[in-house]
Student: 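I'd like to ask you about the structure that follows.
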Amino acid sequence: MKKKLMLFLALLPLGLWASTDYIANVYGRDYQLLNGKWAAIVDLYDAGVKAEIYKDKKAVKPEEFYEYSFDGGLRLNVPGDWNSQSPELKYYEGTVWYARHFNVQSQQGKRSFLYFCGVSYRCNIYLNGEKIGSHEGSFTPFQIEVGDKLKDGDNLLVLEVNNRRQKDAIPAMSFDWWNYGGITRDVMLVTLPETYISDYFIRLDKHRPDIVLIDAELSSEVAGKQIMVDIPQLKRTVTLTTDAAGKASAAVKVRGLRRWSPDDPYLYGVRLSADGDTITDEIGFRNIEVRGTEVLLNGRPVFLRSVSFHEEIPQRMGRACTPGDAMMLLSEARDLGVNMVRLAHYQQNEYIVRQAERMGIMLWQEIPVWQAIDFGNSETLAKASRMLRETIMRDRNRCADCFWGIANETQNTLERNRFLAHLLKTGKDLDTTRLFVAAFDLAYFDKAEDKFVMHDDFYQNLDIVAINKYMGWYAPWPKDPADIRWEVAMGKPLFISEFGCEALYGQHGDENMASSWSEEYQAKLFRDNLRMFDNIPNLCGVSPWVLFDFRSPTRMHPTNQDGWNRKGLVSDQGQRKQAWYIMHDYYSKKKADDKSRK
Ligand code: GCB
């Protein structure tokens, strides 16, 4: 099997593996936001390239005319999905062209980059009429150096954005959330010195509270340059010297470090400087590790009191994209009593990650390898690897990120196993200080054995085994929940990464009838599941699905769903359902238990 795996890897298209440059901590740089109203043209038949829409030509000569214009038509907010901005675009899957002008004056000795925090799903980028780059994947940032293509004064930036679902995409043809398209996150023009600090990774050693590991890198491969790392609250300044690759590393012994945790989300100011470049950040230090069946945060067992949400503001029926949106989602999560959020089912924007860090909420970030994607396709694997790399490179200085998720509910096949094994290697090459996870749904109640058992061996490769299990909804109860035994992934921490059922807020009915879609049915299902969880010997945490009702085209019941997945503990209008209170009580108890263990 090893040989086969190597052959498979050898077949990966090389072009996609070319090393990409990153700008660590983009919000800590000198930038101009290119957000605001952009002009837009909907291009259902993909006629725009032939028409050279990206040149935004204007008729001048008497015989000239163009069958498009960005002037006087649709205008879309950036950041923002297009679906929530125009009734005609609610279900739209196709191409939309975006255009805007911006002004710059060239600066001597500076470099300029266009930086896109997230464009959904794929895009081509044109600057002043010329194609300068492209990207695939909705949820990770990318950048393009544009210094020599910028003009002093007015510049035209055009994006051809397309969100059509495809078999080889990630996610692929079907997924249980809205297929929002558009420039859904910030766009910025970043100005950097000729040689800048392109990347850094500052964290605690995985197991030790007194060793801070520092890696830093310059944008040029120059040896003998100094990079100073200053952490005033620790009274430490470290000077690193670059090697021929422009990289430098150090392991620094520290004393009395105040470690970040949900109870004390303490962040240290960090300042990095090198010849002509300075960047500041706020960094927390913590240890997250596994011992037997327990998860340890800063050396102490912690029960993961989690919940999931999509990057969506239900009341607006659109993508969450601002600091205020991040605050609203995370505040509701915190009120439930969580110490963790599973960011479903893709990498969410940086405002959410930074806000979670300030609020002391651990995060599970995952890439959108959701159920059936094209596991046998080497290009799809290359995409997934790049997505994971872009995620880790964006966020590896964020201590709130404790878990990297590589997949959700995938089938147990050889191709899947090779795919995930490759992703794990990609991830671990970049970061060994987090726990690697994946959510599985192949744990079943075995009648003959009279217990839950696992039908997927890949879990052996992961630090925590996460199970999505919808007992009482997609799977009927085989017996009284309190009598159900679990023997799944024994010896490892087991995390229930999803459970729940649908209920329409304000709808009352029989607590034993699933088809009542009632708050009572949902409340009882939560009580039953929590009783069953008491029997899981290796349980390290739970994450109900889901915090808010969310939009999904696969939910077609006209009155109970109407395009919404109703598994929220909170309705699309922000009302808390009965089950919210049950989870809230459960988490209060779990928190008290953790405290009494200390
Ligand atoms: C799952 C998926 C999640 C769905 C959920 C549901 O197992 O992981 O994305 O939304 O079930 O509601 O069916």
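Note that this is a predicted model, so its numbers are computed, not measured. Remember, it's 1-based here, ligands and their atoms both numbered in the order they're listed. What you see below is based on every heavy atom in this structure, not just the backbone, and it leaves out hydrogens, waters and symmetry mates.
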Student: Going by the angle between their ring planes, with limits at 30° and 60°, are W580 and H584 parallel, tilted or perpendicular?
Tutor: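 Correct class here is parallel.
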
Student: Is any NZ, NE, NH1 or NH2 atom of the basic residue among K590 and D594 found under 4.0 Å from an Asp or Glu carboxylate oxygen of the other?
Tutor: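 No, this pair does not count.
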
Student: Can you name the residues that come within less than 4.0 Å of ligand 1, going by heavy atoms only?
Tutor: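 Shell around ligand 1 (4.0 Å, heavy atoms): D176, H345, W370, N408, E409, N468, Y470, Y474, E498, W545, F550, R555, N565, K567.
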
Student: Taking ring pair (Phe, Tyr, Trp, His ring centres under 6.0 Å) as the test, write out the residues that go with F142, two or more places apart.
Tutor: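 F142 satisfies ring pair (Phe, Tyr, Trp, His ring centres under 6.0 Å) with F116, H135 once adjacent residues are dropped.
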
Student: For F139, which residues count as a ring pair (Phe, Tyr, Trp, His ring centres under 6.0 Å) partner, sequence neighbours excluded?
Tutor: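 F139 satisfies ring pair (Phe, Tyr, Trp, His ring centres under 6.0 Å) with Y346 only.
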
Student: On the six-membered ring of Y470, is K567 placed so that its NZ or CZ lies under 6.0 angstrom from the centre and within 45° of the ring axis?
Tutor: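 Cation-pi check for K567 and Y470: passes.
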
Student: Sequence neighbours excluded, which residues qualify as salt bridge (Lys or Arg N to Asp or Glu O under 4.0 Å) partners of D483?
Tutor: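 Testing D483 for salt bridge (Lys or Arg N to Asp or Glu O under 4.0 Å), a comparison that skips the adjacent residues, returns none.
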
